[in-house]
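Since the structure comes first, as structure tokens, the remarks are kept for the end.
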Amino acid sequence: MSETDPHIHVGSKVLQAGADYRNLVASSLGRAPDAPDVVTTGCGLQVPYAMTSIRPESVTCLACREHAHREHLRYAEQVERLSRMPGAPVTGDQAAKAARWARDLAKRFSGA
């Protein structure tokens, strides 16, 4: 961990970060997980949790932005593929909405 790194990063598990995910876990298990002190980032560094963000506009590390871009595109593809399988737990409309959300975030992380 570098004490002189001025960048804001994104956690390597970008889709498992933030309040929405924490609320999902809390409602499923009945207790909220503690936020870690240090996290591994999309660029491979270990930084204090406070130096990470899930908001594309806040992330200043280029490698982390690229990582988050790829992860959100991968998620969108997975949701669409899984929604087409027999017995899928989500409808096509729900999958399309989730994929649009992920692609929008991917676009924001790419800076396009």
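Residue indices begin at 1 and follow the sequence shown. For clarity, every value in this text was computed on a predicted model and none was experimentally measured.
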Query raised in the report: Going by atom types alone, do His9 and Thr52 pair a side-chain donor with an acceptor below 3.5 Å?
Result: no
Query raised in the report: Heavy atoms, side chains only, cut-off 4.5 Å: are Val10 and Ser53 in contact?
Result: no
Report task. Taking the side chain as every heavy atom from C-beta outward, state whether Ser12 and Thr40 have any pair of such atoms under 4.5 Å apart. Result -> yes
**Report entry** Reported CZ-to-OH distance for the pair Arg103 and Tyr75, which is rounded to 0.5 angstrom
**Finding:** 11.5 Å
Report task. In plain terms, say whether Glu57 and Arg65 are close enough for a salt bridge, that is, a side-chain N and a carboxylate O under 4.0 Å apart. Result -> no
Report summary line: Applying side chain to side chain donor-acceptor pair (under 3.5 Å) to His69 and not counting sequence neighbours gives none
Report task. Indicate, with yes or no, if Val79 and Leu73 share a hydrophobic cluster defined by side-chain heavy-atom contacts under 4.5 Å among Ile, Leu, Val, Met, Phe, Trp and Tyr. Result -> no
Query - Asp37 and Tyr49: CA distance, side-chain angles, deciding distance, side-chain contact (heavy atoms from CB on, under 4.5 Å) verdict - result: CA-CA 5 Å; Asp37 293 332; Tyr49 179 74; over 6 Å; no
Query raised in the report: Taking side chain as C-beta onward, heavy atoms only, is Met51 less than 4.5 Å from Ile8?
Result: yes
Query raised in the report: Nearest heavy-atom pair of Ser83 and Ala88: which atoms, and what distance?
Result: O-CB, 3.6 Å
Report summary line: Value for CH2 (Trp101) from NE2 (His72), rounded to nearest 0.5 Å, stands at 4.5 Å
Query raised in the report: Can Glu71 and Arg74 be counted as an ion pair, charged N to O under 4.0 angstrom?
Result: yes
Query raised in the report: Given the rule that I, L, V, M, F, W and Y join up when any side-chain heavy atoms are under 4.5 Å apart, are Leu62 and Val47 in one cluster?
Result: no
Query raised in the report: Once you round to the nearest 0.5 Å, how far does NZ of Lys107 lie from CZ of Arg100?
Result: 14.0 Å
Report task. Check whether any side-chain N or O of Glu66 sits under 3.5 Å from a backbone N or O of Ala63 as a donor-acceptor pair, and report yes or no. Result -> no
Query - For the student: nearest non-hydrogen atoms of Cys64 and Gly42, plus distance - result: SG-N, 3.7 Å
Requested in this report: Taking side chain to side chain donor-acceptor pair (under 3.5 Å) as the test, write out the residues that go with Gln78, two or more places apart.
Outcome: none
